[in-house]
Structure formats: C-alpha cells, structure tokens
Protein chains: 2
Amino acid sequence: MKPFCFSIDKIIPSTEASLHPMDIGLIRGYGIFDFFRTSNYTPLFLSDYLDRFVRSAEKTHLYLPYSKEELAQIIHDLIQRNDLEFGGIRMVLTGGVSANHFSPTQGKLFIFCEDLDFPSPAKYESGVKLLAVEHIRAIADIKTTNYAFPVWHSAIWKKEGAEDVLYHLNGTISESSRSNIFVIKDNKIATPDKHILHGITRKRVLELAPATEVREISLEEVLDADEVFMTSTTKKILPITQIEGHKIGNGKPGPITENLLKEFLEMEKSIIQSVKKL
Amino acid sequence: MKPFCFSIDKIIPSTEASLHPMDIGLIRGYGIFDFFRTSNYTPLFLSDYLDRFVRSAEKTHLYLPYSKEELAQIIHDLIQRNDLEFGGIRMVLTGGVSANHFSPTQGKLFIFCEDLDFPSPAKYESGVKLLAVEHIRAIADIKTTNYAFPVWHSAIWKKEGAEDVLYHLNGTISESSRSNIFVIKDNKIATPDKHILHGITRKRVLELAPATEVREISLEEVLDADEVFMTSTTKKILPITQIEGHKIGNGKPGPITENLLKEFLEMEKSIIQSVKKL
C-alpha cells in the first residue's frame, strides 16, 4: 500500500482510510472494484478500465459520484503524490450502510496505489499449472469484489504447486479466478464467450489476433490444445503448460503464445513512448 | 444499528467502529459472519450459532481470538448495554489486511446489535412467492459474507413481487438466498442435503420432525409438492405458496407447515420461560 490514497472525496494518508464495518461492502460482500497498472508513470489502458468501472457501478445500481474524466484526474494526482512509476491502482466502490443490511444504497469510493507482484521470469519460460475446478462465477461480467471461493480455494492450489484454477461446469470452461483463458489448436486461437469477466488484456489479445474465435469451449478441448495461455493485468500473457496432472501440447510454452506476449509488450512500450513525446 | 458494538477487543459506540478498506473482507469479499436474535433478552439457540461461527472461522483459516465462552460473555454484555429485549446480533470476522491483497491473514472481529425485521403476519397467512433461479452457492456450508449475487438479484425479485429466490442447478434445488427449504408430499417432509448452509432453524425443524428425509430434491418435486416452506432466523417457518407463476398445492399454507410453526414458537416460548426461572 503506497502512502496516499483517495478516500470518499479527497487524497489522505492511506493508513487513515476507514470504512464502517456495517457497510454491505463488508457484511454482504457487495462492492465493485477495478485494478490497473502504471508503467513509467503511465496508467496503461486507463480509458478501458474506467469504462468498465463505470459499467460495473451501473450494473450493480451503485452511485459513482465522479465522471470518468474526474476519476482520471484523481488518478493522475495519486500517481504524482505516490511517485508511482511502476505500480498497481485499485478503485473500490462499496454498497454502503443499508437500512435493511441488504439492499444497495450510497456507498463509498476508495482508490489505493500498490506495489505490483508480477509472475517470475521462470513462469514465462516454463509455463504454469492450473487446477480444474467445478465452479461458475455468478454475475461474472460485473467486476464485483466477490472472491470468497478462490481465496478459500487458494490454500489447495498452493499446496498442489498450481498458479491458479480453471473454472468449468457441465464440461464447459469459463475463466481462471482472476484471468481469462485462451486455447490454441492447429494455429487457431479461441476464448470462451460466457460467464467471464471481459478482461482488458483479453481485449488487447483480441485486437492483436482478430481471427480469434469467441465461443463455447469444452474442458476436453483445453486438455487437447497445442497451447493454452491466461491473460490478466499483472500476468499479461502467461503460458499454461499443465492442467492438473495433464501436460498441454509438448509441455512447453508454444510459439503463438510467445509471439503474442512479444507483441503485447511492444504495444505497451509504444504507448509509453508516445506519452513521453507529448 | 444499536448504540454499542464490540469492535476488535472492546465495546464502543457503534458509529465509531471502523475497518481499513484494504481488508480482504472488503476487497475480496472474504469474511464470515453469523446472525441470531434475542427474545426477552435471551439469545436464542446461542450455543448452536457460536459453534457454527467457530466452525466457519476454522474452515476459512481465519483466526478467531476468542473462545465460545468468551464470545458468549461479550454478547451478554452487549445485550445489557443495548437493552436488547428483541433484536438481532451480527458477528463478523474479516479476512484482514493481506500483503498480497488476496491470502487470508489476521482479521478483525465486530459484533453489532440491530433492530429485527420479521415478515408481516399477512405473509404467514397467505404464504410467499419465490423466483426459481439457476445458481449454486460456492462453499455454501460456510457462512461467508458472500451475498453479491442475491443482493444484485433482489432488484428483480422485488419487481416480481417475490419474497426471495429458490436456487437450482441441473434440475436439483439447494436453498434460498438466506433460508433453507423444506417440501412436503403425502405427509412426508424432505429437505436438501447438498450445497446448503446448515441453518439453526433447519436443525430445530429436523428435531421437531425427525422423520424428515435429508436428500437430493428436484425442482420438479418442489413444484409438485403439497406444501413448501422456508426456514431462517428471522423468517422462522414461512410458508411458500408460489414459485414463479406456479401455485404450490392449493395455493394456501398447509397444515403440516402451520403445525411446525406452532411447535417452533412453543419451543421458543419454553426456552424463554426456563431462562426466566433461573
């Protein structure tokens, strides 16, 4: 946690931020958030993240007291105050303290800056393992704070040496706990269409590989794929080489995944370059 | 919210309670709670609720800094301070402020006293309507604060004049959003066995009707039942007479449901009487 945060209506020391525990953000797990990162002081793909945050607030009937432009200004100020050259930024909007302790009311907005925790270079070189778990996220297309299941389950996946989980139900996959999933077979890329959060890194991959099929994908298809990778803000494009005890392809990161990661990193670099020139 | 609450390690004015917003209780919806009520200053079935709270903490790897006996003493003090003749008591244990913003660590304990909101007498006389919703609760047997889905969905059920929802998946029912479900056909009572929270009122009904079958129940069976009811701390035993547009039985509360409610209220009365005599 960096020294300064935005709390309700102003920038204050992060340690002084406080929420009433009867807020349904806590007692009902009813809140939304979003999370992005800065690279060279530039908040990457900020417009996409702010659009999603505004959409999440609308869909959950939560009042967001700032416009996209005002949020961008607050974030700009926070980056300055925290000297956030490379870091994460977390926006959270709570459900509020509700008379019946259930129905959404006017909540509170917080924005915190954080250190970033990227996967190690070794994970990009060897790929990672996922556990396959029967689960489906409710209202997965809204970025709620509802992560009770994966936080609870993470004790199991850590014990099994896995990076994360792959959710599937009735034979169809959806996503990982905080990442989207892509599969490649015979040079064709595909990614699930339902019960997923529309990731911003996923959106970038769809721009880099516009022929990607967005459709229902079976767990069987994943196990039979040549390459599998996951995308997220901090993971970028991370190869998956094992699911449970099963090897994906030859058990090594594949060329299409590696090429997409290269292209994604170049995209990131060119954004930072163009900002610098301004 | 009543004037006094227990916060971390002492009783303080409820308005002064505060939680850091970076607690994973908020940012990951990772926390547990329990909720019970007082009748004539007596916390009903307290031992069962405390057992469940202690179990929820264990299952979620959260450190609960007080024993069952110490919690009972704190609750006793709170009832006195708040003059809580009839009211609700909510215990919440958060996941804590975590270094990686995900893994559980040492959290904070809060206990609040509240006014109670019972269903109206008219609802017991006519029964209530539920919407049937395809959903299954993750780790339903642990009383987590994860209610993002029903809070979000409640806007729909209120519009449809429903009291709550009935969760079902692949044709099998589990529970309502905050209540257990019982069905009656040909004088036989049954209740689901899987993907449910083990309610304390459910436990009382199983004691009052020990022949109740605890087993898998299909949605079809519910629609075809003679009587259906739901149980919870505040609903006690509430008849369900409609699911979506479909009438249950003759569309009126049935005799077995009414008799169980009568017996439950007598049980409650006799507990209060026996406490008074002490």
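First the proteins, then the strands, lettered A, B, ... as listed; each starts at 1.
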Taking every heavy atom of A:A17 against every heavy atom of B:P21, the minimum-distance pair comes out as O-CD, 3.5 Å
Can you sort out the partners of B:R137 under salt bridge (Lys or Arg N to Asp or Glu O under 4.0 Å), two or more places apart, ordered by chain and number? B:E175
Do you know which of B:C5, B:A155, B:P150, B:S18 has the most heavy-atom pairs with chain A at a distance under 4.5 angstrom? B:S18
Please check if atom CD in A:E70 has more than 12 non-hydrogen atoms from other residues, nucleotides or ligands closer than 6.0 Å. yes
Should the heavy atoms of other residues, nucleotides or ligands under 6.0 Å from CD of B:E220 be counted, would the total exceed 12? no
I'd like to check B:W152 versus A:I142 (side-chain heavy atoms, cut-off strictly below 4.5 Å). Are they in contact? yes
Find out whether B:D23 and A:L19 are in side-chain contact, i.e. whether some heavy atom of one side chain is under 4.5 Å from a heavy atom of the other. no
Who wins among [options] for the most heavy-atom pairs under 4.5 Å with chain B?
| options | answer |
| --- | --- |
| A:E16, A:M1, A:H135 | A:M1 |
| A:H61, A:K158, A:R178 | A:R178 |
| A:D117, A:N170, A:T144 | A:N170 |

Relative to chain B, which segment of A:H20 carries a heavy atom at a distance below 4.5 Å: side chain, backbone, both, or neither? both
Quick one: what part of A:S154 sits under 4.5 Å from any heavy atom of chain B, side chain, backbone, both or neither? side chain
B:L169, part contacting chain A, at a heavy-atom distance under 4.5 Å: side chain
Quick one: what part of B:T15 sits under 4.5 Å from any heavy atom of chain A, side chain, backbone, both or neither? backbone
Where along residues 24-39 of chain A does a heavy atom come under 4.5 Å of chain B, listed by residue number? A:I24, A:G25, A:L26, A:I27, A:R28, A:G29, A:Y30, A:F33
Are there residues of residues 84-102 of chain A whose heavy atoms fall under 4.5 Å of chain B's heavy atoms? If so, which? A:R90, A:V92, A:T94, A:N100, A:H101, A:F102
Does anything in residues 103-110 of chain B get under 4.5 Å of chain A by heavy atoms, and if so which residues? B:S103, B:P104, B:F110
Look up atom CG in A:N146 and atom CG in B:N146, then write down how far apart they are to the nearest 0.5 Å. 4.0 Å
